[in-house]
Amino acid sequence: MTLPQRPSKVTILTILFIGIMGISTGSIFARYAEAPPLVISAYRTGIAASVMAPIAFIYHRKELLTIRGKDMLYVFMAGTFLALHFATWITSLFYTSVASSVVIVETIPIWTALLSPLVTKDKTSLLSWIGIGLSFVGMLIITTGDFSIGGKALIGDLLALAGAWFGTFYFLAGRVVRPRMSLPSYSFICYGTACLLLLLTSLALGLPLKGFSTRTWWAFAGMGLVSQIMGHSSYNWALKHVSAGLVAVALLGEPLGATFLAWLLFQETLTLAKVVGGGAILAGIVLAVKGEKS
């Protein structure tokens, strides 16, 4: 029996780049959405699940009906961790500075690389570790700014750390089950689980779920279709072919993509630090891909 051919590194880099550009739009759309962060996240994952639902039921109905209990458990776990990631990280922004929150939550690649040998049996090569380090340094350069220390900020920092851990578990759970599941089926169940949990949390907190402006509804649609479908689904595609650690490294491209879009759309200043940091991030991602073992 001939084994399916693994995508080339060029293909992997291309898909990860698409994912970076997709997920980088999250902060852009968030500027236009006049709604609580948890509600934004609920609509983001809900719209994405709704898009994936007909594809999954039409083309992968048999798979949906025959998913084994253990595999279903891992998908539910991935969706739960995704919801917890959004809930903790977004809430952290209300307690600490954006710079502190971003630096802490973007430690996901480090935690993922450390835990992958134990959970998914994927080993991180020395070249990939160098790529992770270089990308993280680039992210630090881009996010240089106001860091909050102590007091109320400590709560935010701890929430951001929890968000990093939940994000790590989200990628690891996906890495375990994605090689055995199609992307539409996995994404539909994962995003649907996250949406349900976020909606229940929003209802429990008495947050509004309707009555928003037209601009906000368009922002919801953008986050669901671009940030989630184009962004997260590209990462979930990659989880079938490469380690969770490599996919997590691509997350470090989000500050780069967001900076570029903010410059393009809002004419925000493109400083030397952002250019240098962006170059380091891209170089680190390329090194991580080169260091990925077949």
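What you see is a predicted model; the values in this text were computed from it and never measured. Residue indices begin at 1 and follow the sequence shown.
- With sequence neighbours left out, the side-chain hydrogen bond (donor to acceptor under 3.5 Å, both in side chains) criterion links S182 to H60, E63, S185.
- In this view, L161 and I104, W111, W165 satisfy the side-chain contact (heavy atoms from CB on, under 4.5 Å) rule, not counting sequence neighbours.
- Listed for the S187 side chain is no donor-acceptor partner under 3.5 Å among the backbone atoms of P184.
- Within the model, atoms CG of L198 and CZ of R44 stand 10.5 Å from one another, a figure rounded to the nearest 0.5 Å.
- At a threshold of 4.5 Å between non-hydrogen side-chain atoms, the residues R178 and V247 do not count as touching.
- Residues forming a ring pair (Phe, Tyr, Trp, His ring centres under 6.0 Å) with F220 (at least two apart in sequence, or on another chain): Y43, F212, W217.
- Residues in residues 190-203 take part in no salt bridge (Lys or Arg N to Asp or Glu O under 4.0 Å) pair, two or more places apart or across chains.
- Residues satisfying the ring pair (Phe, Tyr, Trp, His ring centres under 6.0 Å) criterion with F86, sequence neighbours excluded, are absent altogether.
- Remark: F81 pairs with F169 by the ring pair (Phe, Tyr, Trp, His ring centres under 6.0 Å) rule, at least two apart or across chains.
- With sequence neighbours excluded, the residues satisfying side-chain hydrogen bond (donor to acceptor under 3.5 Å, both in side chains) with S227 are T25.
- In this structure T216 satisfies the side-chain hydrogen bond (donor to acceptor under 3.5 Å, both in side chains) test together with S213, sequence neighbours excluded.
- Taking the salt bridge (Lys or Arg N to Asp or Glu O under 4.0 Å) definition, one finds that R215 meets it with E34, sequence neighbours left out.
- Counting only heavy atoms from C-beta outward, the side chains of I67 and V75 never approach each other to under 4.5 Å.
- For F17, the ring pair (Phe, Tyr, Trp, His ring centres under 6.0 Å) criterion is met by no residue, not counting sequence neighbours.
- Listed by chain and number, the residues in a side-chain hydrogen bond (donor to acceptor under 3.5 Å, both in side chains) with Y186 amount to none (sequence neighbours excluded).
- The side-chain contact (heavy atoms from CB on, under 4.5 Å) test applied to L225 returns I47, V51, not counting sequence neighbours.
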